[in-house]
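To start, the structure itself, in structure tokens.
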Amino acid sequence: MDEVITFILELIFFLGIPIGIIVFFIMSLVRYRRTPKDDPLRKERKFSFIVSAVLMGLLIVSVGLLILLFTLAINHM
């Protein structure tokens, strides 16, 4: 039973968090772009978009570093 719980937690960590960040980024981008430029709500949505863009950038950098780490590990075998 502990193995099943561990497996589910690993799936949530390795798949759920990146998928959540991608969905958050897309939703923030769409909501920001659809808001009229003179709407006061646009400032709040801009902040949300910036936060999601930073998280998306961190995700891309971490995936790139992970691929680099795997490549270096294979090269040194």
Side-chain angles (χ1 to χ4, degrees):
M1 187 67 179
D2 288 338
E3 295 172 358
V4 174
I5 294 172
T6 304
F7 179 71
I8 292 172
L9 290 175
E10 289 173 356
L11 278 179
I12 289 172
F13 184 73
F14 288 110
L15 294 177
I17 293 174
I19 290 172
I21 290 173
I22 292 169
V23 168
F24 178 51
F25 175 73
I26 292 171
M27 286 176 45
S28 296
L29 177 63
V30 169
R31 289 177 69 196
Y32 177 69
R33 294 294 295 161
R34 287 189 177 175
T35 306
K37 292 191 179 199
D38 57 347
D39 193 0
L41 187 61
R42 187 172 172 97
K43 186 175 182 180
E44 293 175 19
R45 290 189 175 168
K46 183 177 183 181
F47 179 74
S48 171
F49 174 64
I50 291 171
V51 169
S52 68
V54 168
L55 288 175
M56 188 69 168
L58 288 173
L59 177 67
I60 291 171
V61 167
S62 64
V63 168
L65 290 175
L66 186 64
I67 290 171
L68 178 68
L69 181 69
F70 287 159
T71 304
L72 290 174
I74 289 173
N75 284 339
H76 288 84
M77 283 186 161

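Because the structure is a prediction, the values reported are computed rather than measured.
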Would [X] and [Y] show up in the same hydrophobic cluster when neighbours are defined by side-chain heavy atoms closer than 4.5 Å?
X	Y	answer
I60	L29	yes
L55	I50	no
F24	F13	yes
I17	I67	yes
I12	V63	no

Is the side chain of S28 donor-acceptor paired with the backbone N or O of F25 at a distance under 3.5 Å, no angle test? no
Is T35 reaching over with its side chain to a backbone N or O of R31, donor-acceptor style, under 3.5 angstrom? yes
Which of these, V4, I5, L11, sits in a side chain to side chain contact (heavy atoms under 4.5 Å, CB included) with I8? V4
Checking side-chain contact (heavy atoms from CB on, under 4.5 Å) for the pair L59/I22: CA distance, chi angles, key distance, verdict? CA-CA 9 Å; L59 177 67; I22 292 169; 4.1 Å; yes
How many angstroms lie between CZ in R45 and CE in M27, if you round to the nearest 0.5 Å? 10.0 Å
What are the two closest non-hydrogen atoms of K46 and Y32, and how far apart are they? CB-CE1, 3.5 Å
How about T6 and E3: do any of their side-chain heavy atoms sit closer than 4.5 Å? no
